[in-house]
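Within every chain, numbering begins at 1; the chains are lettered A, B, ... in the order of the sequence lines, protein sequences first and strands thereafter. Scope of the values below: all heavy atoms of this structure, side chains included, with no hydrogens, waters or symmetry mates.
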Amino acid sequence: MDERPILLVEDNPDDEALTLRALAKNKIRNPIQVARDGEDALAYLFRTGPWAGRVEFPQVVLLDLKLPKVDGLEVLRRVRADEALRVLPVVILTSSDEERDLVESYRLGANSYIRKPVDFAQFIEAVRQLGLYWLVLNEAPPAPRGQSAPEGG
Amino acid sequence: MSEERTRASSDRFLASMTAKYAAVLVVFALAAFLASLILRHELRVQHHDAEAVYWNGEERLLITRAALIAARLAQRPGADVRLRAALASTVSRLVRVHAALASGRLLAHPRANSTAAIESAPALHLAARERRFVAAARALIGRRVIRHNDPALVTLERMSLTTLPAALKVITARLRRQGARHLARITTTVRAAFIATLALLLAAAMAVFRPMARRVRRDIANVQAAGMLNQTIVNTAADAIITIDTGGAMRLFNPAAERAFGLTSAEAVGRNVTTLMPEPERTAHTRGLARYLDAGGSRVLGQLREIRARRKDGTVFPAELSVSEMVIGSERLFLGMIRDISQRKEAEALIARAQARYRELVNNLGVGVYRNRPEPDGRFLEINPAMLTLFEAASQDALMNTRTSALYQDPEERAALSAEIARAGFVRNREIRVVTLKGRPFWAAITARAVRDEDGLLAFDGVIEDITDRKAANEAISILNRDLEQRLVEIDAVNQELEAFSYSVSHDLRAPLRSIDGFSQALLEDYGETLDAQGRDFLRRVRAATQRMGQLIDDLLKLSRVTRAELHRVPCDLGVLAEPIAAGLRAREPERTVTFAIASGLTVNGDPQLLAIALTNLLDNAWKFTSREAHARIELNRLSQDGETVYFVRDNGAGFDPAYTDKLFRAFQRLHALTDFPGVGIGLATVQRIVRRHGGRVWAEGAVGQGATFFFTLGA
């Protein structure tokens, strides 16, 4: 069965590798699309620049906050301001547990906020639960027009 | 209505009644006189008529007798001397009677001329015939022999039988009719008089007796009303009203008197009034009354006096007394009105005490209190003792005799101040430079207002205070404030840097740790088989150190957050905050047996979020250090120490060495080996910061193996 992709927005290659490892460890088979900064992420989501021909609509976005060029909160703001992308599930995945980040994220419409633990075992557990919820239990919103639904991709 | 007016009105009424009565009597007398005149006239007429009837009858008898004697003379011519004499006397008598009748005295009505006229015609006619009869009779007497056919005798016979009696009969009939008419008139007159008398009597009754009856009734009502008014006044008067006779015995004792003296009217009446007096008033009264009755002259009558009166129960109260004298009939009475003035006296005493207190207060005040005149050369009118100290005056007179304006460093300032008080009515805390009598200048604050004194003149009442020290202190404070503001700006900058730093730490410092840990774990998982046991142990150590550093960073961030977070004080209950923490600890290690003794009602005024963090650290600590106790006990309660409420968390765990108490609250200081009790040594530092931010203190007591108690206060 074809899965809709997961968009991972992460600038730190270590974290990217570890996240991918954690996803793999949890047997999550969705294609993973990685964006290394906010600008790249926005290009992907709005199908501009190198991503103009993209057809799949991601099932969930895992978004870091501290990013080069455009930071995570700005990405979230732009996503929520868009008529089509407003319904896209966005999970904040970050090192920070500063209250202001937490408050601002939820205020801008984040669906979840997960702080990456230092202990890798705990991280794997967090990713497992994340995958279980967003990829299995949660019914994703239907893809907007012009982007493929899971069945059609 | 006053008594005088009542009496005058009564007099007027009586006079009017007398006049009416006299008028009625006069009318009555006039009517009676008129009736008597009418009756006398009618009776005289009646008498006259009866006399006429009598003389008529007499005349007829004489005529018949003359005729009979003449007839005898004719029959017995011999015996004629005696008969002739009899005939002569009869004729002469007839002439006299007739003359009387004819004279009109009897026939004519005394007043009614008409009647006389009616009667006179037949009378004159009759007179002619009678003269013929008398002439015939006299002719017979003169004859020597009288024959039967003598013409004189025939004339006599004929006239005595027919002509004269008929004429006389007519006259008699007329007189009888006339008499009947007079009788009817008398009857009418008498009846009229009777009716008139009755009418007059009735009129008199209407004119005199009815108004009199009405008047009497009204007067009686007035007297009754006056009596009731008096009674009501006496009964409802607020003042005690008592009357006594010359012997001093009480006659009247009104309800107010009953209330004032606690004595019923029945008890009081008849007793001597001295019962109501304490000594020496009692003796003075007896003596004064005796003197007055003896010689007159009183100090009491008509005066309002303050006296002391005595109640039935013997208590004495101040009262006001006024006495007046009354003479009712032949009896002399004294009426006393007594007003209980104890409340007024108490009020006066209260006022006097209050005034004394105020005077004392003003005299003892540390600030100067004064009254002065606004004029440039005005003096103080009143000053309190503090003024002398303030202006370094040797005596009250020295200050009172000084012109007020001389106490100002700048007389212009004084003029301006006076003008302002007069215009606005007051000034408040005006700072003015003044100078003492010894010439020492100082700063004073004046609060004053314009008043009118008893004479209606403008005066200023004021309070004056030496504020030299205050001004110096204010100066120091403003310098300090400026410093403080500067420091606040600096602190703000530091805080902002700190915030940026911790944000960065939060993000950037942890990321490499995650990499180290993550890849160590990956190494263990993917290449674990190629490493020997020691290699795998090293990697585990790397991971443990990484995680510990992560923990350290987290705790440091928490500590810095506690410092930076704003403090929101609200009333909250430490017990209520502690319960879920205890429950969380139990859930974490359900196998442990720990007794939590958390007191209720530990209400404090503090930031619940920060207090929860402090309690978490303290309870965590207690929980951790009792891990080796079979019967662990953790208590949260409070106690009172030197008037301060102290909260504490007490456990019966491992305790600590008191020698290191001062290190307990420093960050990263640990008193136990990690292997004994895990931790990074930042919990108590956090507690201390939270307590200090609340303005409180935190300290600990304990000994190794004997448990520990952490005390804290929370400031205001």
Cation over ring face, B:Arg592 and B:Trp623, 6.0 Å, 45°: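 Yes.
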
With a 4.5 Å heavy-atom cut-off (strictly below), which parts of residues 519-531 of chain B touch chain A? List them by number. B:Phe519, B:Gln521, B:Ala522, B:Glu525, B:Asp526

For [Y], is there an ion pair with [X] - N to carboxylate O distance below 4.0 angstrom?
{"X": "A:Asp37", "Y": "A:Lys69", "answer": "yes"}
{"X": "A:Lys116", "Y": "A:Glu10", "answer": "yes"}
{"X": "A:Glu104", "Y": "A:Arg107", "answer": "yes"}
{"X": "B:Asp537", "Y": "B:Arg541", "answer": "yes"}

Do you know which of B:Ile553, B:Asp554, B:Leu509, B:Leu513 has the most heavy-atom pairs under 4.5 Å to chain A? B:Asp554

Under 30°, 30 to 60°, or over 60°: which ring-plane class applies to B:Phe656 and B:Phe710, parallel, tilted or perpendicular? tilted

In terms of relative ring orientation, are A:Tyr106 and A:Tyr113 parallel, tilted or perpendicular, with 30° and 60° separating the classes? tilted

B:Arg697 side chain to B:Thr713 backbone, donor-acceptor under 3.5 Å: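 A pair under 3.5 Å: no.
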
Among A:Asp15, A:Ile124, A:Asp119, who wins on heavy-atom pairs under 4.5 Å with chain B?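 When all of A:Asp15, A:Ile124, A:Asp119 are compared, A:Asp119 has the most.
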
With a 4.5 angstrom heavy-atom cut-off, is it the side chain or the backbone of A:Asp64 that approaches chain B, or both, or neither?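 When you check distances to chain B, no heavy atom of A:Asp64 falls under 4.5 Å.
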
A:Ala17 versus chain B, the contacting section by heavy-atom distance below 4.5 Å: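 Contact with chain B is through the side chain of A:Ala17 alone.
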
